[in-house]
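One structure below.
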Amino acid sequence: MNANDLYEQRLQRFDDVMSRRIPDRVPIIPNMNTWMYHLAGVSVKTAFTEDPNEIFRAAKHLNDTLPLDGLVSTSNTIPINLAKKIGDGIYTFSENGVQIKGSGGHLMEPQEYPLLAQDPMKFFANVLIPRKFEIFNTPSIEKKVDIIKQAYKDNLEYIKYNSGVNARIEKELGLPIIVRGTNFLAPDVVLDYLRDFVGISLDVRRHSDELLEACLSLYDYIIGMFDDTATPPNRKLLFSPLHLPTYLRPKDFQKLYLPFMKKYLEEMAVKRGYSCYFFMENDWMPYLDLLREELPKDAKVVGLFEKGDLKIIKEKVGKEMVIMGGMPVELLALGTKEQVIDKCKELLDTLAPGGNYIFSTDKSMMTLSDGTPENTIAACEYIAAHGQY
């Protein structure tokens, strides 16, 4: 089978699942992240910042080794060279990839919520960016313009760097790259970049109305940013990591987070026709009934659940979203091959019937310590051989 036919076959499985049709077999899309670079003996630093051919080499080795239906992404998601020039941020870069270092998201105080709600762009530009990046603390307008021009140029080079190798992976290997955009929901922007965990935990109790009002403005701002850069819906996913919800009591989740999940899906998945991918961090079992009641029934959305009883999850919300995941990375790392195969059998028995299931890992795999090659290959090969409908 040539690469183009293989690409269409793989993507058709994904299309079928997202459209609530039964595919020929369960799609296999593990979260390989930077694991694939270590598997291929490729330097992550070289691949991400120096030579895109190394990204391709890692993807080719993975494609030759495992039966896959797609890459979630190549994991080169942060413009490192741009970030270095602007100044220190919350990200650090190593051979394990790009990670958040420490706790660097406390950038604003609760009394500033009204300013954020009034005009997010103005507040970011005039208050938060100079506060976060010392390089912008210059009285020279010309200097600031030069910094912005250079940052824009660096970002274009980063986009070009990735788009070229992504096209090669799809065309030459027939391997779809599933995620083609990332959107954060407004409450997670506040958590990750503005108030940090301690701050937003206090705000939920003491400033919930101000937090909600600011998030409503942020939602419009986020959608506006997407409109400026978006590609048309094209059989791929928009990714959103959901960080805050499981730290909220159900009543706070219902007030401060669920409305943004619902608004986002109604706008992007129902109205605009995108397929959306939620990484459901931690345990979502207490929120399943709310999801079943509130999420739109006709949205193309997949949820990767990190924890919880996936059989119950599918029973509760399997009509509202496609279920993704199921294979614990801890088992791939520490279990025997027989234990891994037994888990694959369990997943096919409980999640595959009726469709609406994508086989994946429950977390991102960063290094070979997140899954031995033997176990990971065995899992994917078993699903490919026995996941037929």
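The first residue of the sequence shown is numbered 1, and numbering continues consecutively from there. Since we're looking at a predicted model, the values are computed, not measured. Heavy atoms only: backbone and side chains are in, while hydrogens, waters and symmetry mates are out.
Contact check for F226 versus R272: side-chain heavy atoms found under the 4.5 Å cut-off. Between S240 and F184, every side-chain heavy-atom pair lies at or beyond the 4.5 Å cut-off. Looking at heavy atoms from C-beta onward, I222 lies out of side-chain contact with M225 at the 4.5 angstrom threshold. For the pair I358 and I28, the minimum side-chain heavy-atom distance is 4.5 Å or more. Residues T376 and W35 meet the side-chain proximity criterion, which asks for heavy atoms closer than 4.5 Å. At a threshold of 4.5 Å between non-hydrogen side-chain atoms, the residues M36 and V42 do not count as touching. Residues M280 and E306 are not in side-chain contact: their nearest non-hydrogen atoms beyond the backbone lie 4.5 Å or more apart. Looking at heavy atoms from C-beta onward, L295 lies in side-chain contact with L258 at the 4.5 angstrom threshold.
Linking Ile, Leu, Val, Met, Phe, Trp and Tyr residues whenever their side-chain heavy atoms come within less than 4.5 Å places F278 and F305 in a single cluster. Hydrophobic clustering (ILVMFWY, side-chain heavy atoms < 4.5 Å, transitive): V270 and V301 are in distinct clusters. No chain of hydrophobic side-chain contacts below 4.5 Å, direct or via other Ile, Leu, Val, Met, Phe, Trp or Tyr residues, connects M18 to M268. Connection of F260 to M321 is established within a shared hydrophobic cluster, with ILVMFWY side chains joined at heavy-atom distances below 4.5 Å, either directly or through further cluster members. Hydrophobic clustering (ILVMFWY, side-chain heavy atoms < 4.5 Å, transitive): I200 and F123 are in one cluster.
Between M32 and L68, the shortest heavy-atom contact is CE-CD2, 4.4 Å. Summarising the geometry of L310 relative to G325, their closest heavy-atom pair is CD1-C, 4.3 Å, with the distance given to 0.1 Å. Here the closest non-hydrogen pair linking D370 and S364 is OD2-O, 4.2 Å. Between N33 and S75, the closest heavy-atom pair is CA-OG, 3.0 Å. Closest of all the heavy-atom pairs between A125 and P130 is O-CD, 3.4 Å. Of all non-hydrogen atoms in V17 and P23, the two that sit nearest each other are CG2-CG, 3.7 Å.
With 3.5 Å as the limit, one finds a donor-acceptor pair spanning the side chains of Q12 and D16. Neither side chain, Y158 nor N76, offers a donor N or O lying under 3.5 Å from an acceptor on the other. Counted by atom type alone, K314 and T350 present zero donor-acceptor pairs between their side chains at under 3.5 Å.
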Pairs of donor and acceptor atoms involving the side chains of residues 381-389, under 3.5 Å and at least two apart or interchain, shall be tabulated with distances.
residue : atom : partner : partner atom : Å
Q388    : NE2  : A384    : O            : 2.8
Y389    : OH   : A352    : O            : 2.7

Extract all donor-acceptor atom pairs below 3.5 Å that involve side chains of residues 110-119 and protein atoms in other chains or at least two apart in sequence.
residue : atom : partner : partner atom : Å
E112    : OE1  : E109    : N            : 2.8
E112    : OE1  : R131    : NH1          : 3.1
E112    : OE2  : R131    : NH1          : 3.4
E112    : OE2  : R131    : NH2          : 2.9
Y113    : OH   : D203    : OD2          : 2.6
D119    : OD1  : M121    : N            : 3.4
D119    : OD1  : K122    : N            : 3.1

Using a 3.5 Å cut-off and no angle test, enumerate the donor-acceptor pairs between side-chain atoms of residues 172-180 and protein atoms at least two apart in sequence or in another chain.
residue : atom : partner : partner atom : Å
E172    : OE1  : R168    : NH2          : 3.3
E172    : OE2  : R168    : NE           : 2.9
R180    : NH2  : E170    : OE1          : 3.1
R180    : NH2  : E170    : OE2          : 3.0

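Side chain of T367 to main chain of S369: a donor-acceptor pair is present (N/O by atom type, distance under 3.5 Å, no hydrogens or angles). Using a distance-only test at 3.5 Å, with no hydrogens or angles considered, a donor-acceptor pair links the side chain of D362 to the main chain of V329. Proximity of a side-chain donor or acceptor of Y219 to a complementary backbone N or O of K263 within less than 3.5 Å is detected. Side-chain atoms of T361 do not come within 3.5 Å of backbone N or O of P30 as any donor-acceptor pair. Judged by distance alone, the side chain of R13 and the main-chain N or O of D24 form no donor-acceptor pair under 3.5 Å. Under a 3.5 Å cut-off, the side chain of E54 and the backbone N or O of D51 do not form any donor-acceptor pair. With hydrogens and angles disregarded, no donor-acceptor distance shorter than 3.5 Å links the side chain of T46 to the backbone of S43. A donor-acceptor pair under 3.5 Å is absent between the side-chain atoms of D69 and the main chain of R10, judged by distance alone.
Scanning for salt bridge (Lys or Arg N to Asp or Glu O under 4.0 Å) contacts around D283 gives an empty result, with sequence neighbours left out. Partners of N2 under the side chain to side chain contact (heavy atoms under 4.5 Å, CB included) rule, at least two apart in sequence or in another chain, are N4, D5. For E50, the side chain to side chain donor-acceptor pair (under 3.5 Å) test picks out no residue, with sequence neighbours left out.
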- salt bridge (Lys or Arg N to Asp or Glu O under 4.0 Å) between R205 and D252: does it pass, once the steps are laid out? CA-CA 9 Å; R205 297 193 298 273; D252 293 325; over 6 Å; no
- Can you check side chain to side chain contact (heavy atoms under 4.5 Å, CB included) on F14 and L237, steps first, answer last? CA-CA 10 Å; F14 172 77; L237 288 169; 3.5 Å; yes
- Test side chain to side chain contact (heavy atoms under 4.5 Å, CB included) on L39 and M365 and set out the steps. CA-CA 11 Å; L39 179 70; M365 300 175 69; over 6 Å; no
- Can you check side chain to side chain contact (heavy atoms under 4.5 Å, CB included) on C344 and M327, steps first, answer last? CA-CA 7 Å; C344 289; M327 177 53 67; 3.6 Å; yes
- Run the side chain to side chain contact (heavy atoms under 4.5 Å, CB included) check on V340 and E374 step by step: do they pass? CA-CA 10 Å; V340 169; E374 179 186 28; over 6 Å; no
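At least one test fails for K300 against the ring of Y274: distance under 6.0 Å to the centre or angle within 45° of the axis.
For Y37 and F48, the ring centers sit closer than 6.0 Å to each other. Ring centroids of W284 and F253 are separated by less than 6.0 Å, placing the two rings close together. With ring centers used as reference points, Y257 lies 6.0 Å or more from Y287.
Annotation: the span from K311 atom NZ to L347 atom CG amounts to 13.0 Å, rounded to 0.5 Å. Between atom CG of residue D289 and atom CD of residue Q254 there is a gap of 11.0 Å, rounded to the nearest 0.5 Å. Taking OH from Y357 and CD1 from I22, the interatomic distance works out to 14.5 Å, rounded to the nearest 0.5 Å.
By the neighbour-count criterion of 12 heavy atoms within 6.0 Å, atom NZ of K255 is densely surrounded, having more than that number from other residues, nucleotides or ligands. For K251, the NZ atom sits in a loose shell: 12 or fewer heavy atoms of surrounding residues, nucleotides or ligands are nearer than 6.0 Å.
Taking the charged nitrogens against the carboxylate oxygens, K345 and D349 have no contact shorter than 4.0 Å, which rules out a salt bridge. One finds no salt bridge joining K271 and E266 here, because no Lys/Arg side-chain nitrogen approaches an Asp/Glu carboxylate oxygen to under 4.0 Å. Salt bridge status for E346 with K343: present, with a side-chain N to carboxylate O gap under 4.0 Å.
Note on ring orientation: taking the six-membered ring where Trp is involved, the planes of F197 and Y247 are perpendicular (angle over 60°, cut-offs 30° and 60°).
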